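This report concerns only the one structure given below.
Below, chain A is the first sequence line, B the second, and so on; all start at residue 1. Here the structure is a predicted model, which means the values were calculated and not measured.
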Amino acid sequence: MVKALVAALDERVRQAMTTALGVAAQRVDPLIRPSDHADFQANGVLPLAKSLKADPRQLAAKVAQALAADELITSCEVAGPGFLNLTVADSAISTQVAARLGDPRLGVPPADTDNVAVIDYSQPNIAKEMHVGHLRSTVIGDALVRLLEFTGTKVIRQNHLGDWGTQFGMLIQYLVEHPELRAHAEGESGSEAISRLNALYRDSRARFDNDPEFADRARRRVVALQAGDRETLEGWREIVAESKVYFEDVYDRLRVLLVDEDAVGESFYNPFLTEVAEDLERRGIAVRSDGALCVFFDDVLGPDGNPVPLIVQKSDGGFGYAATDLAAIRYRVQTLGANRILYVVDSRQALHFKMVFETARRAGYLPGAVEAVHVAFGSVLGPDGKPFKTRAGDTVRLISLLNEAVEHARRTVEAKNPSLDPALLPRRADEVGIGAVKYADLSTSRTRDYIFDLDRMVSLNGNTSVYLQYAHARIRSILRKLPADAANAGVHARLELAPAERRLAMLLDQFGATTQAVVESLEPHRLCGYLYAVAQAFTDFYESCPVLKAPSEAVRDNRVALCRLTGDTLRLGLESLGIAAPEQL
RNA sequence: GCCCCCAUAGCUCAGCGGAUAGAGCAGGUGCCUUCUAAGCACUUGGUCGCAGGUUCGAGUCCUGCUGGGGGCACCA
């Protein structure tokens, strides 16, 4: 594993500060940052000068003196109020490239191997179509899973399906009364499954609204379901199974990692709900209020000024989702062994999670050492800035959105690259179109509302997945054209680097720090920004540094190495976001 | 009324407490006998919502205000 340049500089400057300024400097962060004025700058002298009541420029000069030029640092100059501008040796940069080259992890060590993260995302509802609202949770969650795994965290995916509730009474009752609807074709496609479910939902709803006797039977069916009646459960299982056929189709299409084993729906926690409620009530954490079992908080009040509770158990004895969430926390901590629990859920649920987490803390279900985070994201809005709806005012089906994106991508790929083998076109259109949708979602900061503008995201310009895929494809194209013996040549570290070469190489060196920052902040858009910067730096390099026609074999070897490492960085980065990196566009 | 999120170029958005605030789109001017022009170079465009504060240093942190979005008792 390779130490990044920033880390090496941190060590060297820290040392020099201690040498020059004594023990007072020992614990001071040298604050090494990439710089516009040099390769890096160290800002750490300024705060130190303040605490020593000394002239920062003088202190900086002493540190600069202690930093004798070596194989890492070629120059160190005092600038501004007391910055240290650091210039790094070309050979050190090339050595970094050589050290990362060919490693599947690009030389980045897995840093978080002791952590177990449970991540709860996607959460579609059984018997219902997935819509744009599920897009962000699914896509962001998937990216976080991949990045957490990359940093060494053990990740347990949990798809908290909405697979329980009163609406099932209606569906199951209708199914029982119309056995012909139960015909379930073997090898049914996802779209067939969801259209059957849609029809079932539509027809049973209509019947429920228009036929009071049916409505009564449906209500009794809810009771039967909760009581575990065999015939009723059978109908429920059928509906769940059919929904999963559809979900897996969508997940497959979206290229996310979720599989059936990750589906742990609300119903899974049913056996624990009574126990949780009793536990909370017995210990006085929850109290009865208007017949409901409630947890109150000093700082949660309604519009009337009265406290608003988290309702663990409804006055009719039924359980709401608060009870399920509490049982889930207990399970995730005690059984799954999580020390980090992430909920990738719409930001509108903020208050709910605040109350659930607080309750779980009081109850000890969430020990102090375990972190629970609501990874909130903003709403998906239409181009008009209002909640995204079809012209008819309906929610937009996720799958129609994806179809549209892929179709758009297909037309573009066809137009831009007529030489592409037509047999490859559908797959390429899929990789480009789905990637564009996912990237558009991931590249904007999570907490903000997000305007879904298909034209923009598949416009294939600027900070989009296609720009990254294009840069990657260009690299692969160069590497394919290389003479066989040149593909794996080493790095000549003593060769001087062109400006575009060193900028690119130094950026590549930050991959590990970037993934680490994403995993800590849970903000995938930082990785997007980084990859975009890499792609831009590569394009700059591409314009000014010919590879196949390099002035010498040694220069070509170095450029090949840069191409390989850039390509691998882009591919690993895109894959970490759940986006394909085709060899060719 | 209370709580959460947001406010940066005409538009959509970046910007880990560091020096002159950046992209893309839109507008203007150039660049394909040369590794993919899905690209590049140059150019036009800013009281970082307002007011205080912390700091050697604030778009970034804190407080208040204004404006926008969302949430706040038995639906999930």
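- With a cut-off of 3.5 Å on both pairing distances, the Watson-Crick or G-U wobble partner of B:rC42 is B:rG28.
- Nearest to the side-chain atoms of A:Arg448 among the listed nucleotides B:rC35, B:rG69, B:rC6 stands B:rC6.
- In this structure, the nucleotide among B:rC35, B:rG15, B:rC74 sitting nearest to the side chain of A:His525 is B:rG15.
- Salt bridge annotation for A:Arg348-A:Asp346: present, with a cationic side-chain nitrogen under 4.0 angstrom from a carboxylate oxygen.
- No side-chain donor-acceptor contact under 3.5 Å links A:Thr566 and A:Asp568.
- Residue contacts shown for A:Asp346 are absent, as no nucleic acid heavy atom lies under 4.0 Å away.
- Rounded to whole Å, the distance from CD1 on A:Ile126 to C1' on B:rA76 is 14 Å.
- Within the nucleic acid shown, A:Leu351 comes within 4.0 Å of sugar-phosphate atoms alone, with no base atom in reach, counting heavy atoms only.
- Of the nucleotides present, none pairs with B:rG59 by Watson-Crick or G-U wobble criteria with both distances under 3.5 Å.
- Taking only side-chain nitrogens and oxygens, A:Thr444 comes nearer than 4.0 Å to OP1 or OP2 of B:rA14.
- A donor and an acceptor atom, one from each side chain of A:Gln123 and A:Ser137, are located under 3.5 Å apart.
- As the counterpart of B:rG49, B:rC65 is assigned, both hydrogen-bonding distances of the Watson-Crick or G-U wobble pattern falling under 3.5 Å.
- For the pair A:Arg474 and B:rA38, the criterion of a side-chain N or O lying under 4.0 Å from OP1 or OP2 is not met.
- The partner of B:rG1 is B:rC72, by the rule that a Watson-Crick or G-U pair needs both atom distances under 3.5 Å.
- Side chain of A:Pro303, nearest nucleotide from B:rG1, B:rC35, B:rC74: B:rG1.
- For A:Val308, counting side-chain heavy atoms from C-beta on, the closest listed nucleotide (B:rC74, B:rC72, B:rA23) is B:rC72.
- With B:rC16, B:rA76, B:rA73 as the choices, the nucleotide that has an atom nearest any side-chain atom of A:Lys314 turns out to be B:rA76.
- When the nucleotides B:rA38, B:rG18, B:rA23 are ranked by their closest atom to the side chain of A:Tyr470, B:rA38 comes out on top.
- Counting any heavy atom pair closer than 4.0 Å across all strands shown, A:Ala517 reaches no nucleic acid atom.
- For B:rU36, one of the phosphate oxygens OP1 or OP2 lies less than 4.0 angstrom from a side-chain nitrogen or oxygen of A:Lys481.
- Residue order along RNA chain B, read from the 5' end via each residue's closest nucleotide, puts A:Ser477 first among A:Val300 and A:Ser477.
- Using a 3.5 Å distance cut-off with no hydrogens or angles, the side chains of A:Ser443 and A:Asn463 do not pair a donor with an acceptor.
- Taking 4.0 angstrom as the limit, A:Tyr542 places a side-chain polar atom (N or O) nearer than this to OP1 or OP2 of B:rA37.
- The existence of a salt bridge linking A:Glu407 and A:Arg410 is confirmed by a sub-4.0 Å separation between a basic side-chain nitrogen and an acidic carboxylate oxygen.
- Among the nucleotides B:rC35, B:rA37, B:rC40, the one closest to the side chain of A:Tyr467 is B:rC40.
- For A:Lys416, the listed nucleotide lying nearest its side chain is B:rA38; candidates were B:rA38, B:rG39, B:rA7.
- In this structure, the CZ atom of A:Arg348 is 16 Å from the P atom of B:rC5, given to the nearest Å.
- Looking at heavy-atom distances under 4.0 Å, A:Asp36 makes no contact with the nucleic acid at all.
- Within 90° of 0 lies the glycosidic angle of B:rC32, which makes this nucleotide syn.
- For the side chain to side chain contact (heavy atoms under 4.5 Å, CB included) with A:Phe388, the lone residue among A:Leu401, A:Ile451, A:Leu381 that qualifies is A:Leu401.
- In this model, the phosphate group of B:rA14 is approached by a side-chain N or O of A:Ser445 to a distance below 4.0 Å at OP1 or OP2.
- A donor-acceptor contact closer than 3.5 angstrom links the side chains of A:Arg288 and A:Gln313.
- In this model, the phosphate group of B:rC5 is not approached by any side-chain N or O of A:Thr447 to a distance below 4.0 Å at OP1 or OP2.
- Of the candidates B:rA7, B:rA37, B:rA19, the closest approach to any side-chain atom of A:Phe83 belongs to B:rA19.
- In this structure, A:Cys294 reaches the bases: a heavy-atom distance under 4.0 Å links it to at least one base atom across the strands shown.
- Closest contact between the side chain of A:Pro309 and the listed nucleotides B:rU36, B:rA14, B:rA73 involves B:rA73.
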